[in-house]
Amino acid sequence: MERDYNPHELERAVQQSWEAEDAFAVGEELDRQKFYCLSMFPYPSGRLHMGHVRNYTIGDVIARYQRMEGYNVLQPMGWDAFGLPAENAAIERGTSPAAWTRANIAEMKTQLKRLGFGYDWNRELATCDPDYYKWEQWVFLRLLKEGLAYRKKAPVNWCPNDQTVLANEQVVDGACWRCDTPVERREIDQWFLAITEYADELLDELGNLAGWPDEVRAMQRNWIGRSRGVQVRFAVAGAEQELSVFTTRPDTLMGVTYLAVAPEHPLAQASAESNADVAAFVERMSNRATAEGELEAQEKEGIRLAAEAIHPLSGERLPVYAANFVLMAYGEGAVMAVPAHDQRDFEFATKYDLPIRPVVVPEGGDLDPGSMTEAFTEPGVLKDSEAFSGLTSAGAFEAIADKLKALGRGERRTNYRLRDWGVSRQRYWGAPIPVIHCDACGAVPVPEADLPVVLPEMELREAASPLKQSPEFYRTTCPECGGAAERETDTFDTFVESSWYFARYTSPDSDAAMVDERAGYWLPVDQYVGGVEHAVLHLLYARFVNKLMRDTGLIASDEPFTRLLTQGMVLYGGAKMSKSKGNVVDPQEMIDRFGADTVRLFILFAAPPEQALEWSDEGVQGAHRFLNRLWRLTADFAEAGPVPALPAELAEEAADLRHQVHALIQRASDDVRRRYHFNTAVAATMEITNALGKQVGSDDRGMRAVVGEGLSAVVRLLSPMTPHLANALWQGLGHTGTVEHAAWPEPDPTALQRESVDLVVQVNGKNRDEIRVPADADEAAVREQALTSERVREFVGDTPVRKVVVVPGKLVNVVAK
RNA sequence: GGGACGGUGGCGGAAUUGGUAGACGCGCUGGAUUUAGGAUCCAGUACCUAUGCGUGUGCGGGUUCGAGUCCCGCCCGUCCCACCA
C-alpha cells in the first residue's frame with residue numbers, strides 16, 4: 001500500500017468501486033433478518049449544511065454497522081421537494097420552482113455521494129414527482145369516502161407574508177414557523193384530516209415506543225393534551241340557547257360564581273350587536289397579542305354581558321362575562337368560573353369584585369374567602385355543596401357528573417388540545433388536492449382513474465399561486481353531472497408528503513398501489529434518525545398517516561418508527577450555525593481540505609449523537625491527525641511482511657497487549673451496538689491504535705501476530721465511520737474481500753481472561769495502595785493480602801479494623817475508625 | 001406557571017449496575033528532529049498554602065465502608081409547552 005494517506009484520491013476510487021458494484025442495493029430476502037435504517041430526507045435547499053452531514057453520518061454508521069452484523073440493511077435517500085423556499089427562489093430568479101428544485105437535488109446528491117453514504121439510490125424519490133404524489137391524492141380520496149377528510153369553513157392561522165394558511169403545529173409563539181411573521185386569523189374553506197379521531201391511539205401508544213427519547217414522547221403527549229372532564233350546559237335566562245362549558249373539575253361546580261366566554265364566542269358576538277361597549281371590547285380583543293410572554297403578562301380583562309346563566313343544581317342566577325383569558329379554540333370557548341379553586345378565575349374575580357366561594361377544602365382544614373390570596377387548586381373534601389358535601393374531589397367528580405347527566409345538563413367528555421390537521425395551502429408548489437368544485441354537485445372527488453392531478457410546471461412572478469389564474473389548470477367538467485366545473489387550486493401541506501415517504505421507499509416503483517407486499521418485509525423502520533425540531537410536526541403526522549395506511553390495509557405495523565434517535569444541533573462559537581450570525585462552516589470546504597472520512601470522524605467523536613456538537617477547527621485537525629497516524633502505522637506494519645498466525649502461547653508482553661486490545665474491542669462494540677455512543681467508540685479505537693503503535697516495529701512473531709490482529713479489528717471498528725480509509729487499510733493488511741462485507745469484530749474470551757488482577761486498596765475509602773492478586777482468588781485471600789500490605793498497616797495503625805469490603809475485580813476497602 | 005434534559009480540568013467530553021473521577025481528543029509546557037516554519041516523535045498537564053492522613057464533579061444537607069452517580073432542599077443553564085378550563 002502507499003506510504004502516504006491521500007484521502008481525496010482514495011475516497012474517489014472507493015466511491016467509484018461502490019458505484020460500479022451498486023454496493024448498497026438491496027432486495028427482499030425473506031430468509032434474512034432485515035434492518036431498515038432511515039434518516040430524515042432533506043429539503044433540497046441548495047447545498048448540504050453541517051446539520052445534514054451530522055444526521056446522515058449517524059444514520060450511515062448505524063446502517064453500515066448493522067450490515068456487518070449480518071442484517072439485510074435498507075438505507076434509502078430522497079427529497080422532500082415541495083415547499084415555499086422554491087417559490088421564493090423562483091420569484092427572485094425568474095425561474096420555475098421545479099427547475100430550481102431539480103438543480104438543487106442534483107447538487108446535493110453529488111455532495112451526499114462525496115460523503116460516502118451507503119444509500120440504495122435505486123429507491124430515490126422526490127415528492128414533487130407525480131408518480132409519488134399520485135398516491136397521496138389516492139389515499140386522500142379514500143379518506144374522503146370514509147369521512148376522515150372533510151371540508152369546512154374555519155378560522156385559520158394565516159401568514160400574510162407567505163400568503164397561506166398554517167396548521168396549528170406550524171404556528172410558533174404566534175408567528176409563522178418559517179418566516180416568523182405574526183399570524184392573523186381568517187375564516188377560510190379548508191380541507192382537514194381527522195387526526196383527532198386517532199388522538200387516543202396516538203397518545204396511548206406513546207407508552208409502547210420504548211425506543212423513542214422520553215423528551216419526544218413527552219412533547220407529543222403534551223401536544224395531544226388529553227383531559228377528562230364534564231361538559232356542562234347552563235341554561236341562559238330568557239333564551240333558548242344554552243351555554244356549554246367544559247370543566248375538568250366538576251367537583252367544584254357548587255363554587256361557580258360567574259361564567260366567562262371568549263370574545264369570539266357567539267354569545268359575546270350577539271351581545272356586541274346591541275351594545276357598543278361590548279362591541280368595542282370584542283373588537284379590541286380581536287387584535288390581542290398572541291405571542292408568549294405577552295399573554296402571561298396580560299392582565300385579566302372582561303366585560304359583563306346582559307345574559308344571565310342558571311346554575312344547573314342550585315338554580316342561582318350567575319353573571320356572564322366576555323373575558324380575554326378564555327380561548328375560543330379550546331373546549332367550548334366558555335368556562336364556568338370557580339374563583340376559589342382556579343387561579344385565573346380568582347384573579348378575574350378579585351379585579352371585578354365577584355364572590356369567592358370555597359367548596360373544596362383541604363382535609364381537616366378550611367378556607368376563608370376573605371383572606372385567600374390565591375386559589376386552592378388541589379383536590380380536597382367538599383363542603384357547602386348540598387348532598388355532595390363530605391365527598392372527596394374524586395368521589396364528587398363522579399357523583400356530580402352522574403347528577404348532571406340525570407338532569408340532562410351534562411355528560412362526561414374527553415377533550416384534546418390537538419385539533420384536526422388543516423392540509424390546504426393556498427400556494428402553488430405542492431401536490432394538487434384532487435377535488436373538483438361544481439355549482440350543482442358541490443365538492444366532487446376526482447375519479448381514481450384520472451389520477452394523478454398533475455401540477456403544471458410554471459414560472460412565478462409573485463407570491464400568489466398562479467394556479468388560481470390558470471384556466472388551463474382549473475377549468476374542467478364535473479365528474480358527476482358533466483357540467484362546467486373548477487378544480488381545487490389549493491395544494492397539500494408539504495408535511496403530507498413527508499408523512500409516508502418511509503413506506504414508499506419499500507416499493508418505489510409500484511405503479512399499481514401506494515405500496516405493495518414489499519412493505520410487509522421492510523416496515524416498520526427499525527431506526528429513524530433526525531432533528532428534534534420535528535418532534536411534534538413531522539413525527540406526529542407520520543404516526544397518524546401510518547395508522548391511516550394500516551387501516552386502509554396497506555401496511556401491517558401500528559407505528560412507523562421502532563427506534564428514534566434525535567441528533568443535537570451543530571454549534572460554532574457557542575451558537576447555532578446560521579447565515580444571520582455568520583458562523584456557518586461549509587461542509588464542502590471541510591471535505592475539500594480533509595476528506596470525507598475526517599469530517600465524518602470528527603462529527604462522531606466530538607459529542608454523543610443526541611447532544612449539541614460544538615464545531616472546532618482544531619478538533620477536525622485532531623481527527624485528521626489520527627487517521628494519518630493509523631494509516632502510517634498500518635503501512636509500516638504491512639511493509640514488514642504478511643501477518644503471522646497467532647501462536648498457541650504468547651510471551652507476557654504480547655499477551656498483555658492482546659488482553660488490552662480485546663477489552664477495548666469489547667468496549668467499542670458495546671458503545672456502538674447498545675448505546676450508539678460513537679464518541680467513546682472512536683476513543684477506544686484511538687486507544688487501541690496508541691497501544692499498537694508502540695509495538696508496530698517489533699519483529700517478534702507473536703507480537704506481530706497480536707499487532708496484525710489488532711489492526712484488523714481497528715479497521716473494522718472504524719469502517720462504519722470512516723469507510724473509505726477502512727476499505728483501503730483492509731486491503732493493505734492483505735485481507736481478501738471488501739471491508740463492507742467483513743464481520744464486526746468480536747473479542748476473544750480467552751484474551752479477556754487474566755491470571756492476575758490489580759486491586760485498589762483503600763483505607764476508610766481513600767486510595768492507599770494497589771495489590772496484585774490471582775484472578776480466581778477468593779475473598780478471604782484477597783482480604784488477607786490487603787491487610788498485610790505495608791501501606792495499609794501504616795494508615796490503620798493501632799485502630800481496630802471494623803470491616804473489610806471486597807469488591808471482586810475492583811477494590812478492597814479496609815474500614816478502621 | 002407546567003414538563004424534559006443538563007451543570008465534571010483552560011476547552012469538547014469520559015466514568016455503562018453506588019466501587020481508582022478526569023478515558024480519548026484539543027490546547028498548553030518541555031525535549032528530540034529540522035536552515036527556518038510546518039509536520040512528526042517523546043515526556044508532562046485537575047487544583048493547592050504541595051516533605052499531604054491535603055482539596056476537588058453548581059450550592060447546602062443526608063444515606064452508605066464508599067456518592068459525579070441515590071435521597072431531601074436550593075441555585076444556574078438549555079429546550080419544549082403554556083390564561084388548555
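Only a predicted model underlies this, so the values are computations on that prediction, with no experimental measurement involved. Just so we're on the same page: letters track the sequence lines, and every chain starts at 1.
The side-chain tip of A:Arg563 points at the ring of A:Tyr676 from less than 6.0 angstrom away and within 45° of straight on. With A:Phe795 as the aromatic partner, A:Arg768 meets the cation-pi criteria of under 6.0 angstrom to the ring centre and within 45 degrees of the ring axis.
One C1' atom belongs to B:G54, the other to B:G6, and the distance between them is 31 Å to the nearest Å. The same atom, C1', is picked in B:A15 and in B:A23; the two are 8 Å apart, to the nearest Å. Taking atom P on both nucleotides, B:G38 is separated from B:C48 by 29 Å, rounded to a whole Å. Spacing between B:C70 and B:C26 at atom C1', rounded to whole Å, works out to 34 Å. Separation of the P atoms belonging to B:U49 and B:G1 is 44 Å when rounded to the nearest angstrom. If you take atom P in B:A21 and the same atom in B:U55, they sit 13 Å apart, rounded to whole Å. Using atom C1' as the reference point in both B:G73 and B:U63, the two lie 15 Å apart (nearest Å). Only the P atoms considered, B:A82 is 35 Å distant from B:U69, to the nearest whole Å.
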Symbol by symbol from the 5' end, with Watson-Crick or G-U pairs under 3.5 Å, [ ] crossing and | another strand, RNA chain B is (((((((..(((......[....)))((((((.......))))))(((...).))..(((((..]....))))))))))))....
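Base contact: A:Lys803 has a heavy atom under 4.0 Å from a base atom. Residue A:Glu614 is classed as having no contact, given no heavy-atom separation below 4.0 Å to the nucleic acid. Using a 4.0 Å heavy-atom criterion, one finds that A:Glu347 contacts no nucleic acid atom at all. Counting non-hydrogen atoms under 4.0 angstrom, A:Ala535 reaches nothing in the nucleic acid. Residue A:Arg629 is classed as a sugar-phosphate contact, given heavy-atom separations below 4.0 Å to backbone atoms only. Residue A:Phe605 is in base contact, counting any heavy-atom pair closer than 4.0 Å across all strands shown.
Contact annotation: A:Asn628 does not reach the phosphate of B:A39 (side-chain N/O to OP1 or OP2, under 4.0 Å). Contact annotation: A:Lys766 reaches the phosphate of B:U55 (side-chain N/O to OP1 or OP2, under 4.0 Å). Contact between the side-chain N/O atoms of A:Asn767 and the OP1/OP2 oxygens of B:A21 is found at a separation under 4.0 Å. For A:Asn690 and B:G25, the shortest distance from a side-chain N or O to OP1 or OP2 is below 4.0 Å. Proximity of A:Arg802 to the phosphate of B:G66: no side-chain N or O atom is located under 4.0 Å from OP1 or OP2.
The distance between atom CG of A:Leu537 and atom P of B:C80, rounded to the nearest whole Å, is 12 Å. Rounded to whole Å, atom P of B:A85 lies 17 Å from atom NE2 of A:His341. Rounded to whole Å, the distance from CZ on A:Arg791 to P on B:G52 is 10 Å. A straight line from CD of A:Gln660 to C1' of B:C24 spans 13 Å, rounded to a whole angstrom.
Distances were taken from every side-chain heavy atom of A:Arg667 (C-beta onward) to each of B:G19, B:C81, B:U16; the shortest belongs to B:U16. Listed nucleotides: B:G12, B:C65, B:C83. Nearest to the side chain of A:Ala606: B:G12. The side chain of A:Val326 lies closest to B:A85, out of B:A85, B:A14, B:C65. Distances were taken from every side-chain heavy atom of A:Leu811 (C-beta onward) to each of B:A85, B:C65, B:G19; the shortest belongs to B:G19. Taking every side-chain heavy atom of A:Lys810 into account, B:G19 is the closest of B:C53, B:A85, B:G19.
Note on ring orientation: taking the six-membered ring where Trp is involved, the planes of A:Tyr541 and A:Trp421 are parallel (angle under 30°, cut-offs 30° and 60°).
Listed by chain and number, the residues in a salt bridge (Lys or Arg N to Asp or Glu O under 4.0 Å) with A:Arg357 are A:Glu316 (sequence neighbours excluded).
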Under-3.5 Å N/O pairs linking protein and nucleotides 44-49 of chain B:
none

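Base orientation for B:G9: syn, the chi torsion being within 90° of 0.
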